[in-house]
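Reviewing the structure listed below.
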Number of protein chains: 2
Amino acid sequence: MSVTLADVAARAGVSAATVSRVLNGNYPVAGATRTRVLRAVEELEYVVNGPASALAAATSDLIGVLVNDIADPFFGIMAGAVQSEIGQATRKLAIVCNTGGSPERELTYLTLLQRQRASAVVLTGGAVEDAAHGAALATRLRRLDAAGSRVVLCGRPPLATEEDGPHPLALTFDNRGGARRLTEHLLSLGHRRLGYLSGPAARTTTRHRLEGHRAAMAAAGLAADAERLTTHGGYDRASGYDGTLELLRRDPDLTAILAANDTVALGVCAALRDRGLRIPQDVSVTGFDDLPFAVDAVPALTTVRLPLHDAGARAGRLALGREDAPPGGVATFHGDLMVRDSTAPPRP
Amino acid sequence: MSVTLADVAARAGVSAATVSRVLNGNYPVAGATRTRVLRAVEELEYVVNGPASALAAATSDLIGVLVNDIADPFFGIMAGAVQSEIGQATRKLAIVCNTGGSPERELTYLTLLQRQRASAVVLTGGAVEDAAHGAALATRLRRLDAAGSRVVLCGRPPLATEEDGPHPLALTFDNRGGARRLTEHLLSLGHRRLGYLSGPAARTTTRHRLEGHRAAMAAAGLAADAERLTTHGGYDRASGYDGTLELLRRDPDLTAILAANDTVALGVCAALRDRGLRIPQDVSVTGFDDLPFAVDAVPALTTVRLPLHDAGARAGRLALGREDAPPGGVATFHGDLMVRDSTAPPRP
DNA sequence: CTGTTAGCGCGTTCAG
DNA sequence: CTGAACGCGCTAACAG
């Protein structure tokens with residue numbers, strides 16, 4: 001079958017233990033035997049048996065990265081950053097798992113990762129807000145922690161559960177603040193009839209962004225309007241398109257639309273164009289995230305830039321145990337308001 | 001430490017072997033003991049030890065998916081399709097590895113996957129065309145095959161090596177045909193001065209698309225122009241922007257630009273706009289791939305739609321051994337020409 | 001249908 | 001600095 005440690009040992013004329021020591025570099029080995037062993041490894045094209053090694057060492061070198069939608073650059077950028085940070089550390093294998101936003105699959109993957117005895121797990125993006133799922137998730141994460149896996153949340157708020165015990169490290173985005181600033185930006189331009197296209201209900205990201213928007217609206221005495229001109233959809237382009245038509249139905253005279261994210265904003269722009277409305281002369285539009293394509297939208301999208309890469313890289317380091325935990329176990333990343341061409345004062 | 005099979009067996013009052021049989025469902029087990037075992041599993045929150053199981057069974061349930069750029073939806077869509085196909089099959093864990101387009105990291109990941117005794121490996125996207133790397137890659141794939149891993153290429157041409165032995169299954173895209181059709185479309189509109197922004201040199205995808213373009217140009221008696229008006233860049237937006245400026249320098253009167261892919265086309269559009277040129281009135285633009293954002297470009301991009309999802313799903317089934325290999329081990333997916341608003345006849 | 005017995009390939013004591 | 005021996009947790013024969 002496959003070549004084993006023993007084969008290498010035989011060929012090098014040493015014991016299996018010595019080969020193991022050379023390969024792991026944890027114990028002192030004489031230079032001569034060392035090179036002899038390495039040559040044997042080369043000649044035999046020996047590749048360590050990961051499972052056997054994981055079994056004996058009671059720890060594997062897999063690190064799981066869970067994403068809601070692997071086809072969405074929002075997650076791709078974070079996952080790529082995590083992985084490139086981990087790629088530096090040889091031997092560790094960062095593996096990306098796509099939950100498709102499904103709570104069940106999230107749980108399934110966590111079990112699968114626990115079963116592989118993953119050394120760490122990074123959960124990216126917003127969480128589903130559902131009591132039952134939250135409890136199930138907390139349980140899984142507790143078990144992972146108990147089994148020795150490091151758990152890091154990236155772009156996700158700390159666990160809501162009040163129970164004691166180890167809380168996973170959390171790197172969160174200031175979604176509330178970003179949405180508030182976006183809304184304030186529009187208000188300061190003179191807008192008063194703002195529509196808000198919210199993301200999927202029961203998601204932390206959705207709720208926080210909505211809260212930021214409402215806070216700014218309330219501060220301007222427009223709480224009632226904020227309520228009336230909010231719709232819920234997905235994080236996809238179609239939701240932006242359909243939502244825009246719905247908003248225009250509710251208020252044909254609105255002068256600005258805030259989209260849940262950049263992708264939704266693209267759908268908003270398409271719908272407005274199809275309706276013959278100009279951006280930003282007739283209606284201002286904002287996105288969220290500042291994904292690479294946002295600057296290429298026409299007109300270029302005013303949005304909030306989230307440090308996706310930085311957050312992912314830091315999550316990777318935390319997962320590796322290379323960096324100390326932030327104070328309190330939670331670090332918040334703030335976004336930058338990027339004012340571009342899709343927003344302007346409303347028509348008089 | 002962690003709860004093991006033996007613990008479950010003790011609690012259920014059976015032997016470890018019986019527990020194993022219940023969990024794997026491979027052997028007949030009496031209904032009564034079966035439920036008793038399952039209850040014990042629940043109560044103890046038992047999770048199989050993957051490495052131990054892989055060691056004993058000499059096979060793991062990991063399937064690796066290599067991508068060149070995880071932040072690029074082109075790969076995200078394929079990887080997502082592979083993974084969702086595999087997610088159906090419980091227990092199998094599809095893991096996405098991001099090579100960042102680096103040949104070394106590609107090899108490293110393949111070794112890591114071999115070390116994990118992955119049951120299959122899917123390589124997506126174009127390959128680097130370099131003799132040394134090609135040989136190294138072929139070697140790694142041969143070893144993987146020898147170790148019992150299924151190897152599937154998805155969106156990548158069959159291995160160039162002429163050696164005998166097992167060639168991996170290959171699902172390829174008809175990049176040549178797509179590029180040819182795009183070029184013919186522009187020629188038939190009356191264009192004669194076409195610029196071509198090619199992708200990274202030494203990549204199969206790049207070369208095939210370029211060949212298709214040149215074939216169409218040669219057929220129209222424009223071989224020399226094709227040569228003169230071709231630049232090489234990356235698959236990113238900046239390459240499209242810079243490349244466009246370069247092409248305009250070489251021929252200020254060109255009437256059409258074909259981009260290596262949709263992302264590059266976005267950069268082309270931005271550069272043309274900044275130069276005050278209208279699309280398509282002054283210059284027609286085409287992309288490639290038809291990623292989701294292509295339809296939202298302004299104007300909507302004429303491009304070639306590649307069946308990324310279908311190819312990924314099929315690769316997933318092949319990796320699982322659920323589907324028979326295509327005849328000859330190779331299947332080609334053709335693209336659809338999507339004529340939209342970014343192309344029109346040149347000005348008289 | 002179920003229990004017993006051997007390893008799977010490696011890391012890690014403990015001696016030397 | 002090196003070798004021998006043991007066990008990680010599980011699956012796969014082999015009996016019964």
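Quick note: numbers below take in every heavy atom, side chains included, and nothing from hydrogens, waters or symmetry partners. Letters A, B, ... mirror the listed sequences (proteins, then strands); counts begin at 1.
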Pairing of B:Arg11 and B:Glu43 as salt bridge, 4.0 angstrom limit
yes

Side-chain donor/acceptor of B:Ser2 to backbone N/O of A:Ala147, under 3.5 Å:
no

Check for a donor-acceptor pair, side chain of A:Thr124 on one end and backbone N or O of A:Leu66 on the other, with a separation under 3.5 Å.
yes

Calculate the interatomic distance between A:Leu55 atom CG and D:dC8 atom P; express it in whole Å.
9 Å

End-to-end bend of the helix from C:dC1-D:dG16 to C:dG16-D:dC1 (five-pair axes, 10° rounding)?
30°

Distance check, rounded to the nearest 0.5 Å: B:Asn98 atom CG versus B:Asn68 atom CG?
8.5 Å

How close or far is atom P of C:dG9 from atom CG of A:Asp7, stated in whole angstroms?
9 Å

Nearest whole Å is fine: how far is D:dG9 C1' from B:Leu44 CG?
15 Å

Protein-nucleotides 10-13 of chain C N/O pairs closer than 3.5 Å?
| from | atom 1 | to | atom 2 | distance (Å) |
| --- | --- | --- | --- | --- |
| C:dC10 | OP1 | A:Tyr46 | OH | 2.1 |
| C:dC10 | OP2 | A:Leu5 | N | 2.4 |
| C:dG11 | OP1 | A:Asn24 | ND2 | 3.2 |
| C:dG11 | OP2 | A:Ser20 | OG | 2.7 |

Give the intermediate values and the outcome of side-chain hydrogen bond (donor to acceptor under 3.5 Å, both in side chains) for residues B:Thr111 and B:Arg140.
CA-CA 7 Å; B:Thr111 301; B:Arg140 286 292 195 305; 2.9 Å; yes

Between B:Ala81 and B:Ala313, what is the shortest heavy-atom contact and its length?
CB-N, 3.6 Å

Can you find a side-chain donor-acceptor pair between B:Thr99 and B:Ser102 that sits under 3.5 Å?
no

Exactly one candidate in B:His309, B:Glu323, B:Glu85 meets side-chain hydrogen bond (donor to acceptor under 3.5 Å, both in side chains) with B:Arg314; the answer is B:Glu323

